[in-house]
Amino acid sequence: MSWRSGGRSTWGGDWSRLSSTVEGAEDLLTTRLGADGARAVCVFVDAEGGASLDEAGRVPVPGWGSSSRVDREGVAALMRRSVPIPGGWVRGRTEEHAVPTAWERWAVLAGSVLLPVRQGGDGRWTCRIGGRELELSDVGVSSN
């Protein structure tokens, strides 16, 4: 199905009509200038409280736990695993969502939000923040 019909946009140039057809779409439109957004870093937390940057638990989290320093390579690794999310999704965050002290030295990390995702019995990786459940999947972070 094409978004154009007879050489004219089916939305008549009014893109707000497009977002009003999908419930919650406004929260998803975070790429426009001036949008309220946040940068999140997902950290996989296992049943014993260990943390990693991957599901298998093989990639350590720079600056986590006893590791008090983050070098340039660590910053790059964290930024590669960061995702933009709507700012409304992180309202109500707690200390659990604060970045480790070692990250605060780097401006690109200091303003981030930590999403400690845990695997549930259903196999999904989720995190609670405020009154919202966020899920990390193959397509990114979504709000349930």
Side-chain angles (χ1 to χ4, degrees), residues 1-5 9-11 13-144:
M1 174 185 262
S2 171
W3 66 275
R4 298 183 65 83
S5 175
S9 164
T10 57
W11 301 103
D14 182 358
W15 292 105
S16 67
R17 289 180 52 211
L18 174 64
S19 62
S20 67
T21 63
V22 178
E23 185 177 338
E26 187 171 320
D27 283 345
L28 298 174
L29 300 175
T30 60
T31 57
R32 67 188 189 278
L33 290 175
D36 180 22
R39 179 148 300 274
V41 178
C42 297
V43 172
F44 295 85
V45 180
D46 64 25
E48 292 80 38
S52 66
L53 291 179
D54 67 323
E55 293 177 24
R58 290 185 225 141
V59 181
V61 181
W64 190 268
S66 63
S67 173
S68 62
R69 294 192 45 85
V70 179
D71 58 15
R72 287 179 183 252
E73 291 79 24
V75 172
L78 290 164
M79 291 307 293
R80 278 193 303 272
R81 289 170 170 83
S82 69
V83 293
I85 59 174
W89 290 7
V90 298
R91 286 191 187 95
R93 62 185 170 219
T94 65
E95 281 299 310
E96 179 184 31
H97 306 104
V99 298
T101 304
W103 295 14
E104 293 175 358
R105 177 175 171 240
W106 301 91
V108 296
L109 297 174
S112 298
V113 176
L114 183 69
L115 296 182
V117 294
R118 294 171 175 83
Q119 190 171 34
D122 58 2
R124 297 181 317 129
W125 289 93
T126 61
C127 170
R128 292 215 58 86
I129 188 164
R132 185 180 301 270
E133 180 184 69
L134 301 181
E135 178 180 354
L136 178 63
S137 69
D138 293 340
V139 297
V141 177
S142 59
S143 175
N144 299 328

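Residue numbers run from 1 in the order of the sequence given.
Remark: side-chain polar atoms of His97 are not paired, donor with acceptor, to backbone N or O of Pro116 under 3.5 angstrom.
Between Arg105 and Arg69, the closest side-chain pair of non-hydrogen atoms falls below 4.5 Å. In this structure the side chain of Leu78 reaches within 4.5 angstrom of the side chain of Leu53, judged on heavy atoms. Within the 4.5 Å cutoff, no side-chain heavy atoms of Gln119 are placed close to those of Glu55. For the pair Ile129 and Val113, the minimum side-chain heavy-atom distance is below 4.5 Å. Side-chain contact between Pro100 and Leu109 is absent, with no heavy atoms from C-beta onward closer than 4.5 Å. Looking at heavy atoms from C-beta onward, Asp36 lies in side-chain contact with Arg91 at the 4.5 angstrom threshold. At least one side-chain heavy atom of Trp103 sits under 4.5 Å from a side-chain heavy atom of Val70. In this structure, Leu136 and Phe44 have side chains that are in contact, with non-hydrogen atoms separated by less than 4.5 Å.
When the shell of 6.0 Å around CG of Asp122 is examined, it contains more than 12 heavy atoms from other residues, nucleotides or ligands.
In plain terms, the two heavy atoms of Ile85 and Ala40 that are nearest each other are CD1-CB, 3.8 Å. Summarising the geometry of Trp125 relative to Val45, their closest heavy-atom pair is CZ3-O, 4.0 Å, with the distance given to 0.1 Å. When all heavy atoms of Glu104 and Ala110 are compared, the pair lying nearest together is O-CB, 3.8 Å. Trp64 and Leu114 make their closest contact through CZ3-CD2, 3.6 Å (heavy atoms, listed as atom of the first residue, atom of the second, distance).
Here Arg118 contributes atom CZ and Cys127 contributes atom SG; the two are 7.5 Å apart, rounded to the nearest 0.5 Å. Remark: Arg81 CZ to Leu115 CG distance equals 15.0 Å, nearest 0.5 Å. Going from atom CZ of Arg58 over to atom OG of Ser52 covers 9.5 Å, rounded to the nearest 0.5 Å. Here the CG atom belonging to Asn144 is positioned 8.0 Å from the CG atom belonging to Leu134, to the nearest 0.5 angstrom.
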Given side chain to side chain contact (heavy atoms under 4.5 Å, CB included), test Glu96 with Arg128 step by step and report yes or no. CA-CA 10 Å; Glu96 179 184 31; Arg128 292 215 58 86; over 6 Å; no
